[in-house]
Amino acid sequence: MACWDSPTIVFFDLETTGLCVKRCHITQLGASYEDYNFDQYILPRIPIQEKASELTGMTVSGGRLFVYGQRVKTVFVYRALKSFINFLGDFHGPVLLAAHNSRRFDELVLMRLLAKFSLFKRFKKVVSGFVDTLLLSKDLYPDLHGYSLQKLAHRFLGGEYNCHNAVDDAELLEKLFNIWDPNDEDIWNVTKWI
DNA sequence: TGCCAGGCCCTCTTTAGGGCCTT
């Protein structure tokens with residue numbers, strides 16, 4: 001039986017220049033909780049890898065970021081992180097941040113940048129930990145043939161999903177989570193406290 | 001110009017290797 005107050009779980013997703021958690025730059029930071037969304041594009045200081053560009057539609061030209069050819073407003077990564085912390089601080093009590101494969105990717109990238117910009121202390125005041133929905137889906141449904149966000153969306157929501165937009169993916173993850181309706185112990189098992 | 005991964009999990013394993021998951 002759970003003996004803790006269930007914290008708010010905010011779903012988030014990063015689009016990045018590539019898959020190297022030690023070096024990649026964030027190109028979009030998105031989050032979702034019910035009717036509240038966070039969405040900021042960031043101009044990367046390193047090239048976007050071809051595969052990442054193919055998936056997200058993002059390109060850089062003349063020091064500007066484009067998504068499928070449409071220019072988008074960008075902010076410096078430091079400002080995006082501070083805005084994200086402020087967004088999370090508006091919720092009641094420290095929140096849990098949930099992402100798909102967060103333990104191997106999103107969490108690592110985010111924590112690296114928070115440390116780099118000396119924002120971890122502020123972040124820690126509003127976030128208590130990370131929930132990995134990839135591990136959660138494996139725990140809840142051990143007999144599935146695949147656990148990618150796309151496959152899970154197809155399995156539980158029907159249709160084809162190929163978002164690769166940070167906010168859309170965060171919203172999609174929130175929908176899946178609500179369908180799965182895990183109990184506190186399920187969530188606890190895949191939560192990494194910070 | 002730069003940058004182009006990494007760690008867990010599973011099995012036809014363990015003196016290994018391939019698949020998965022994120023962009």
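Chain letters run A, B, ... following the sequence lines, proteins first and then strands; every chain starts at 1.
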For a quick check of understanding: with a heavy-atom distance under 4.0 Å over all strands, which category does [X] fall into, base, sugar-phosphate or nothing?
X      : answer
A:H100 : sugar-phosphate
A:T56  : sugar-phosphate
A:I48  : nothing
A:L134 : sugar-phosphate

Taking [M] as the reference, what is the distance to [N] when you measure between their [atom1] atoms (whole Å, please)?
N      : M      : atom1 : result
B:dC4  : B:dT23 : C1'   : 11 Å
B:dT13 : B:dG19 : C1'   : 15 Å
B:dC9  : B:dT14 : C1'   : 14 Å
B:dC12 : B:dG18 : C1'   : 12 Å

We want to know whether A:E174 and A:S32 form a side-chain donor-acceptor pair, criterion being a heavy-atom distance below 3.5 angstrom.
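Side chains of A:E174 and A:S32: pair found under 3.5 Å.
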
Looking only at side-chain N and O atoms, does A:Q28 offer a donor or acceptor that is under 3.5 Å from a partner on A:D39?
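A:Q28 and A:D39 do have a side-chain donor-acceptor pair below 3.5 Å.
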
Starting at [atom1] of [X] and ending at [atom2] of [N], how long is that distance when rounded to a whole Å?
X      : N      : atom1 : atom2 : answer
A:L43  : B:dC3  : CG    : C1'   : 15 Å
A:K22  : B:dT23 : NZ    : C1'   : 17 Å
A:L135 : B:dC9  : CG    : C1'   : 11 Å
A:D106 : B:dG6  : CG    : P     : 17 Å
A:K51  : B:dG6  : NZ    : P     : 20 Å
A:L14  : B:dT22 : CG    : P     : 13 Å
A:M58  : B:dT23 : CE    : C1'   : 10 Å
A:I46  : B:dA5  : CD1   : P     : 12 Å

Does a sphere of radius 6.0 Å around CZ in A:R122 hold more than 12 heavy atoms from other residues, nucleotides or ligands, not counting ones at 6.0 Å or beyond?
no

Per atom distances to the A:D13 side chain, the nearest of B:dT23, B:dG2, B:dC21 is B:dT23

I want to verify a distance call: between B:dG2, B:dC21, B:dT23, whose nearest atom is closest to the A:S148 side chain?
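So the side chain of A:S148 is nearest to B:dC21.
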
Please figure out whether A:E15 or A:R104 has its closest DNA chain B nucleotide nearer the 5' end.
A:R104

Closer to the 5' end of DNA chain B via nearest nucleotide, is it A:R23 or A:G146?
A:R23

Would a line drawn from the ring center of A:F156 to the ring center of A:Y141 be shorter than 6.0 Å?
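Yes, the ring of A:F156 comes within the 6.0 Å limit of the ring of A:Y141, centre to centre.
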
Do the two ring centres, one from A:F91 and one from A:Y33, sit under 6.0 Å apart?
yes

